[in-house]
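Notes follow once the structure below has been shown.
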Amino acid sequence: MLTEKQMERYARNIMLPEIGVAGQEKLSRAKVLVVGAGGLGSPAALYLAAAGVGTLGIVDSDEVDLSNLQRQILHALGDVGRAKALSAQEAVLRLNPEVTVHASQALVTAENIMELIQAYDFVIDAADNFETKFLINDACVLSHKPFCHAGVIRFTGQLMTYVPNKGPCYRCIFQSPPPADAVQPASQAGVVGAAAGVIGSLQAMEAIKYILGVGELLTGYLLKFDALAMEFRKVKLPGREPCCAVCGEHPTITEISIKKNTIRGFVQS
């Protein structure tokens, strides 16, 4: 039951017929994991906390670098050199002390991914590393966990949402990580912070809609954003790929293989 202060804090949520008191209580019981406390994870975590999501997990193995501050708004100048996960935890609690935040300064690997996602209702893929993204996808598909994928580079971004048994997964669309050095990382190509802010905020919105059971999720769609043209394009995706290695009719990935899927690096956007 919401307290008087919570009723005031979340008043703009509660007055919406799609949310109301019952919806706000759903949010307070929800648990969302944010993988990556960088350019995407920053706005996602802050807006989830502001909305009143009761439990947030934040996983990141990196430390705050001065070059991160152009887009990673969870962190400030005084956080340079500190663990991103702990800096993010403090930022979220400053915004909303009622949120329970589980911070993990950990490298996401095949060895720990299943345990990391186990307790959560929804996963935010806020990593900028193809191998990590495929690992998140495979773990979520095998665990029947919904998640929202996103990526951002330069002035552009994209996102899609996977819900178990509803539409294609990330591997259905992209099949496998591209060859090494085929795609420049943000550290080489650059990224506008506000573009990451737009996409990360949309990831938070997808999580909120899933928790509340309202609206239409980006399940079966890829939403593309071009900040220079100021255009959004919603692309309908093919259905689930029958030959998909993880969710197809005859999957070859039936468990997370430590040998095949261990992630050597975890680069934030």
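Below, each value reflects all heavy atoms present in this structure, side chains not excepted, and no hydrogens, waters or symmetry copies. We number each residue from 1, following the sequence as shown.
Both Val192 and Leu228 sit in one connected hydrophobic cluster of ILVMFWY residues. Membership requires side-chain heavy atoms under 4.5 Å apart, directly or through other members. At a threshold of 4.5 Å between side-chain heavy atoms, the hydrophobic network of Ile, Leu, Val, Met, Phe, Trp and Tyr places Val53 and Val214 in one connected group. By the criterion of side-chain heavy atoms lying less than 4.5 angstrom apart, applied directly or through intervening Ile, Leu, Val, Met, Phe, Trp or Tyr residues, Leu86 is not grouped with Val59; the two fall into different hydrophobic clusters. There is no path of hydrophobic side-chain contacts, each under 4.5 Å, that joins Leu33 to Ile208. The hydrophobic clustering, which links ILVMFWY residues whose side-chain heavy atoms are closer than 4.5 Å, places Val141 and Phe130 together.
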Apply side-chain contact (heavy atoms from CB on, under 4.5 Å) to the pair Arg154 and Val191, showing each step before the final yes or no. CA-CA 4 Å; Arg154 300 186 181 94; Val191 60; over 6 Å; no
Under the side-chain contact (heavy atoms from CB on, under 4.5 Å) rule, what do Leu202 and Leu223 come out as? Steps first, then yes or no, please. CA-CA 10 Å; Leu202 290 174; Leu223 184 65; 4.0 Å; yes
Would you please test Val101 and Leu93 for side-chain contact (heavy atoms from CB on, under 4.5 Å) and show each step? CA-CA 8 Å; Val101 184; Leu93 291 175; 3.8 Å; yes
Let me see the working for Val99 and Thr55 under side-chain contact (heavy atoms from CB on, under 4.5 Å), right down to the final yes or no. CA-CA 6 Å; Val99 177; Thr55 302; over 6 Å; no
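With hydrogens and angles ignored, the 3.5 Å screen pairs no side-chain donor or acceptor of Gln203 with any backbone N or O of Ala44. The backbone N or O of Ala83 lies less than 3.5 Å from no partner atom in the side chain of Ser87, so there is not a single donor-acceptor pair. Judged by distance alone, with hydrogens and angles left aside, the side-chain atoms of His250 form no donor-acceptor pair with the main-chain N or O of Cys244 at under 3.5 Å. With Thr109 contributing its side chain and Glu111 its backbone, the two residues share a donor-acceptor pair below 3.5 Å. At distances below 3.5 Å, at least one donor-acceptor pair connects side-chain atoms of Asp79 with backbone N or O atoms of Ala76. Gln24 places a side-chain N or O within donor-acceptor distance of the main-chain N or O of Ala51, the cut-off being under 3.5 Å. Between the side chain of Lys145 and the main chain of Tyr120, a donor-acceptor pair closer than 3.5 Å is present. Judged by distance alone, with hydrogens and angles left aside, the side-chain atoms of Lys236 form no donor-acceptor pair with the main-chain N or O of Gly220 at under 3.5 Å. A distance-only check finds no donor-acceptor pair linking the side chain of Asn112 to the backbone of Met114 [under 3.5 Å]. Not a single donor-acceptor pair under 3.5 Å links the side chain of Ser143 to the backbone N or O of Cys140.
Applying side-chain contact (heavy atoms from CB on, under 4.5 Å) to Phe122 and the options Thr161, Leu48, Ile117 leaves one that passes, Thr161.
Atoms CE and CZ, from Met160 and Phe174 in turn, are 7.0 Å apart once rounded to the nearest 0.5 Å. In this structure, Cys247 SG and Ile253 CD1 are separated by 10.0 Å, a value rounded to the nearest 0.5 Å. The CG atom of Asp128 sits 6.5 Å away from the CD1 atom of Ile153 when rounded to the nearest 0.5 Å. Interatomic distance, CD of Gln72 versus CG of Asp65, reported as 9.0 Å (0.5 Å rounding). For the atom pair SG (Cys169) and CG (Asp138), the distance works out to 7.0 Å, reported to the nearest 0.5 Å. Between the CG atom in Leu74 and the CG atom in Leu46 there is a gap of 4.5 Å [rounded to 0.5 Å].
A heavy-atom distance below 4.5 Å is found between the side chains of Ile14 and Met7. Contact of the Lys234 side chain with the Leu218 side chain is registered, since non-hydrogen atoms from C-beta on lie closer than 4.5 Å. Counting heavy atoms from C-beta on, the side chains of Pro168 and Pro238 never come closer than 4.5 Å. Phe147 places a side-chain heavy atom less than 4.5 Å from the side chain of Asn137. A 4.5 Å side-chain heavy-atom check between Ile58 and His102 finds every atom pair outside the cut-off. Side-chain contact between Asp60 and Val34 is absent, with no heavy-atom pair separated by less than 4.5 Å. Between Leu212 and Glu18 there is no side-chain heavy-atom pair separated by less than 4.5 Å. With contacts defined as side-chain heavy-atom distances shorter than 4.5 Å, the pair Cys148/Leu159 qualifies.
Closest approach of Gly41 and Ala126 over heavy atoms only: N-CB, 3.4 Å.
Look at Lys31 and Asp121 and you find no salt bridge, because none of the NZ, NE, NH1 or NH2 atoms lies under 4.0 Å from a carboxylate O. Residues Arg82 and Glu90 are paired through a salt bridge, judged by an N-O separation under 4.0 Å between the basic side chain and the carboxylate.
For the salt bridge (charged side-chain N to carboxylate O under 4.0 Å, His left out) test, residues two or more places apart in sequence or in another chain that qualify with Lys209 are Glu206. Glu98 meets the side-chain hydrogen bond (donor to acceptor under 3.5 Å, both in side chains) test with Gln6; sequence neighbours excluded.
Within 6.0 Å of CD in Glu115 there are 12 or fewer heavy atoms belonging to other residues, nucleotides or ligands. Within 6.0 Å of atom CD in Gln118, 12 or fewer heavy atoms from other residues, nucleotides or ligands are found, so the atom counts as exposed in its surroundings.
Taking the centre of each ring, Tyr162 and Tyr170 stay at or above the 6.0 Å mark.
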